[in-house]
There are 2 protein chains.
Amino acid sequence: MKPVTLKQIAETLDISITTVSKALKDYPDVSKKTKKLVKELAETLNYKPNVFAVNLRTKESKTIGLIIPEVVHHFFSNVIKGIIAQAEKKGYLVIILQSNESYELEKKQIDLLFSKRVDGILISLANGTGDFKHLNDLMAQDTPLVMFDKIAKIVNCSKVIINDRKAAYTATKHLIDSGCKRIAHFRGPLLPQNSIDRFLGYKQALTDNGFAYDPSLVYICDCSDQSFDEGKNSAKQLLEDHDDVDGIFINTDLVAIGALTEFQKQGISVPEDIAIVGFSNWFMSSVISPTLSTIDQPGFKMGKTAFKLLYKEIKSRKENLPIKFKTVELETKLIERESTRRFHQKV
Amino acid sequence: MKPVTLKQIAETLDISITTVSKALKDYPDVSKKTKKLVKELAETLNYKPNVFAVNLRTKESKTIGLIIPEVVHHFFSNVIKGIIAQAEKKGYLVIILQSNESYELEKKQIDLLFSKRVDGILISLANGTGDFKHLNDLMAQDTPLVMFDKIAKIVNCSKVIINDRKAAYTATKHLIDSGCKRIAHFRGPLLPQNSIDRFLGYKQALTDNGFAYDPSLVYICDCSDQSFDEGKNSAKQLLEDHDDVDGIFINTDLVAIGALTEFQKQGISVPEDIAIVGFSNWFMSSVISPTLSTIDQPGFKMGKTAFKLLYKEIKSRKENLPIKFKTVELETKLIERESTRRFHQKV
DNA sequence: CGATTTTACGAAAACGTTTTCGATTATGTG
DNA sequence: CACATAATCGAAAACGTTTTCGTAAAATCG
């Protein structure tokens, strides 16, 4: 009933534990004969090394931690999938924790993962996180850390991101190229760098192309569970406030779809009256009517590369090589769909 | 730089390791005085017990494994969230693996988790899984296992499910009560028990209410990534095959929304021409137009209770209590929305 | 055949806890 | 004061592995 150990194999074969261990790991100083004997017995006894002992000896667990603001999220769940897939390839397991966008929770979870002695941590920051002591402490204690998507530029570690600003610029430029003359923006919450960057990209696209930036055209959506409703509400508000807006760049597909729904309800036609570009390329955006132009945000790939960076760092540390932090910026691309398909007047 | 150990505390305080360990765990046979001393020093040194050693000693890792067919899935991601939330409450961490609906992968992952010596495993079966040796082996080797949602009735372990058959019956009955005279069914793949049960519930609702069961009204959707498109295609096919269908019970909300989209495109109005009931209560179904009637499937709660059952089993095993397997059936409820709001003619 | 190198093996320490059980000291009782 | 009891403590084993280093036997060589 009890799990087989090296000791048992050693005793039944009447050799030492050392030799058994070495045989199983193909050390050169054990004969082919005994290797074969040991391996066969191990096989028939279904021997599995006790990871607890291995961890203790080797000081590593082949496990990494992942802290994510929200699991139920189309983008993040794709990231998770990418991370798990890549980790599995390298023999790593991943423990997932959810910060619920709370700084306090995030701090606790970092602590928890550290005390669990994971080999490294992958994190996408909570919106509330403005202090980074917990992250710097972690790294000071020799735990590799890489941040993705929602990052802190100040923290010195590897990162994988998209260029939110550039992507937003492209999205807004696309509205301009589509002939929009007055372009609004539904932005995300004030805190995370991403919504700031997207906002800045929007703004710069405007000014670069001779448009005046008008703060009254920027609406804030607190992208929570109610994203969809916030889209609807902001759309409603926009219609009350302005009658000349003919294009909107929206922080997120779900909010955009909310807005779209509201417009359709009020008889505003998209894209003829108002063109819309979303963000994320959520699968639903290719599915609704009109299909939604958007920025493709490669979640799965982000997960994969985030793990790859972490893996490199773990390896470097083991081999005592110098570790150099890297920031990789993943390509986004504009997906043109019906919601911006108007009379094109490219400049 | 190196982590603090009991030994270091013991040496600086000039007492034994034993006493330090006991002091930290509030054993009765150590004086308040030394307890205070030890605890204070541990605090200032930021002592964290080495989990690897603890695991080895106690033979448990306070970690459970979770195998799920697909992470990027509205229902499953809610289950994941529920599991993580409940596990965290009890001090457990969860390792997530994805089977991609593959039996082979599932088997490997069970093996992997077993060799990682997780304290227990939560699983929702892959569609392809028809053989259960890997699960029975696992349990024979003393690893607690509980299955949820996609289960195997044959395997003797705790389970948490919904009554798919009953829910489907309710959904279909609702169509009948809404005045539908000829009701189709878009079912899921042939294998998993869930789609079989939903199909059976549909069938029984028909026959119980004096409707003839017509196999030609049952369409199969292989609920993969392309669920939405399958919904569209099945809808298209249905319109070609039959012109008298006025109600459909659909295996999944996403497929239902696909069908809905196709109907709208072809000028079939929902619910007037065809009423639709979906399954899952995906948030999108309350958001599209017309809003979709559906069966609410409590993913988050399912995750929580699945962990609770597993936790109980882990505890029982530790205390050598007899373990009794339990199957808990979670309530589903019909959500009536616009897609079935016709001339009600309740019997 | 003696010297040297290879080959094959094992003893033992170490990783950091937890827990049993025995020993020592302090306290209480008559 | 002698003795029993209670209060504190620590030695040591155990969990199962990995790895260093030493040694004995076998093979090689001149």
Side-chain angles (χ1 to χ4, degrees), chain A residues 1-39 41-42 45-63 114-117 119 141-142 318-320, chain B residues 1-39 41-42 45-63 91 114-117 119 141-142 318-319:
Chain A
M1 207 63 191
K2 284 207 166 186
V4 190
T5 67
L6 290 184
K7 195 178 172 190
Q8 291 172 42
I9 298 184
E11 279 170 0
T12 63
L13 248 42
D14 204 32
I15 55 180
S16 77
I17 295 178
T18 310
T19 306
V20 177
S21 174
K22 285 179 180 172
L24 289 174
K25 317 191 85 195
D26 266 327
Y27 271 54
D29 67 340
V30 37
S31 67
K32 292 109 210 118
K33 211 178 304 173
T34 45
K35 266 184 193 171
K36 191 164 168 261
L37 244 49
V38 169
K39 283 180 179 172
L41 185 57
L45 291 182
N46 192 27
Y47 167 77
K48 300 266 170 67
N50 183 323
V51 270
F52 298 158
V54 175
N55 291 347
L56 178 60
R57 228 350 263 244
T58 62
K59 296 180 186 314
E60 56 173 17
S61 58
K62 294 281 186 184
T63 299
F114 175 73
S115 72
K116 278 278 176 176
R117 280 178 163 74
D119 295 348
Q141 284 172 296
D142 238 31
K318 267 209 304 207
E319 296 164 6
N320 268 323
Chain B
M1 207 64 192
K2 284 206 165 185
V4 191
T5 67
L6 290 183
K7 196 178 172 189
Q8 290 171 43
I9 297 183
E11 279 170 359
T12 63
L13 248 41
D14 203 33
I15 54 179
S16 77
I17 295 178
T18 309
T19 307
V20 177
S21 174
K22 284 180 182 171
L24 289 173
K25 317 192 83 194
D26 267 328
Y27 270 55
D29 66 342
V30 36
S31 66
K32 290 108 209 121
K33 213 176 301 174
T34 45
K35 265 184 194 171
K36 191 162 167 262
L37 244 51
V38 170
K39 282 180 181 173
L41 185 57
L45 291 182
N46 192 26
Y47 167 78
K48 299 266 171 66
N50 182 324
V51 271
F52 298 158
V54 175
N55 290 347
L56 178 59
R57 226 352 263 242
T58 62
K59 298 180 186 313
E60 57 173 15
S61 58
K62 293 280 184 184
T63 300
F114 176 71
S115 72
K116 278 278 176 176
R117 281 178 161 74
D119 295 348
Q141 283 171 298
D142 238 30
K318 268 210 303 208
E319 298 165 5

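By convention in this document, chain letters (A, B, ...) are assigned in the order of the sequence lines, proteins followed by strands, and residues within each chain are numbered from 1. The structure presented is a predicted model; accordingly, all values stated were derived computationally and were not measured.
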**Request:** Would you sort out whether B:D142 and A:K2 count as a salt bridge (Lys or Arg N to Asp or Glu O under 4.0 Å), showing the intermediate values?
**Result:** CA-CA 9 Å; B:D142 238 30; A:K2 284 207 166 186; over 6 Å; no
**Message:** Salt bridge or not between B:E60 and B:K318? Use side-chain N to carboxylate O under 4.0 Å.
**Reply:** yes
**Request:** Compute whether any side-chain donor of one residue and acceptor of the other, for B:T18 and B:S21, lie under 3.5 angstrom apart.
**Result:** no
**Prompt:** Relative to the 5' end of DNA chain D, which residue comes earlier, B:K35 or B:R57, by the nucleotide with the nearest heavy atom?
**Reply:** B:K35
**Message:** Using a 4.0 Å heavy-atom cut-off, does B:N50 contact any base of the nucleic acid, only the sugar-phosphate backbone, or nothing at all?
**Reply:** sugar-phosphate
**Item:** Whole angstrom value for the distance that separates P of C:dT18 from CD1 of B:I9
**Value:** 11 Å
**Request:** May I ask you to evaluate whether B:Y47 reaches the phosphate of C:dT17, defined as a side-chain N or O under 4.0 Å from OP1 or OP2?
**Result:** yes
**Request:** Starting at atom CD1 of A:I17, determine the distance to atom C1' of C:dG10, rounded to an integer number of angstrom.
**Result:** 10 Å
**Item:** d(CZ, A:F52; C1', D:dC15) in whole Å
**Value:** 11 Å
**Request:** State whether A:K59 places a side-chain N or O below 4.0 Å from either non-bridging phosphate oxygen (OP1 or OP2) of C:dG16.
**Result:** yes
**Request:** Using atom NZ of B:K36 as one end and atom C1' of D:dT8 as the other, report the distance to the nearest whole Å.
**Result:** 18 Å
**Message:** What's the closest nucleotide to the side chain of B:T19 if the choices are D:dC9, C:dC9, C:dT18?
**Reply:** D:dC9
**Asked** D:dT19 P sits how many Å from A:D26 CG, rounded?
**Response** 14 Å
**Prompt:** Can A:K59 and A:D119 be said to form a salt bridge (Lys or Arg N to Asp or Glu O under 4.0 Å), step by step?
**Reply:** CA-CA 9 Å; A:K59 296 180 186 314; A:D119 295 348; over 6 Å; no
**Fill in**
Heavy-atom nearest pair, A:T12 first then A:I9, reads OG1-O, 3.1 Å
**Prompt:** Are OP1 or OP2 of D:dG10 and a side-chain N or O of B:T18 less than 4.0 angstrom apart?
**Reply:** no
**Message:** Measuring to OP1 and OP2 of D:dT18, would you say a side-chain N or O of A:K25 lies under 4.0 angstrom away?
**Reply:** yes
**Message:** Whole angstroms only, please: what is the CZ-P distance between A:R117 and C:dT17?
**Reply:** 7 Å
**Prompt:** Atom CD1 of B:I15 to atom C1' of D:dA11: distance rounded to whole Å?
**Reply:** 15 Å
**Prompt:** Under 4.0 Å between a side-chain N or O of A:T34 and OP1 or OP2 of C:dC9?
**Reply:** yes
**Message:** Mind checking if A:T5 touches a base, just sugar-phosphate, or nothing, with heavy atoms under 4.0 Å?
**Reply:** sugar-phosphate
**Message:** Between B:V54 and B:K22, which residue's closest nucleotide on DNA chain C lies nearer the 5′ terminus?
**Reply:** B:V54
**Prompt:** Would you say the base of C:dA8 and the side-chain of A:S31 have a donor-acceptor pair closer than 3.5 Å?
**Reply:** no
**Request:** Answer with base, sugar-phosphate or nothing: what part of the nucleic acid does A:Y27 contact at a heavy-atom distance below 4.0 Å?
**Result:** sugar-phosphate
**Message:** Check this one for me: any side-chain N or O of B:S16 less than 4.0 Å away from OP1 or OP2 of D:dC9?
**Reply:** no
**Separation of atom CG in B:L56 from atom P in D:dG16, rounded to whole Å** = 7 Å
**Asked** Considering all heavy atoms of both residues, which atom of B:S115 and which atom of A:V51 are nearest to each other, and what is their separation?
**Response** O-CG2, 3.4 Å
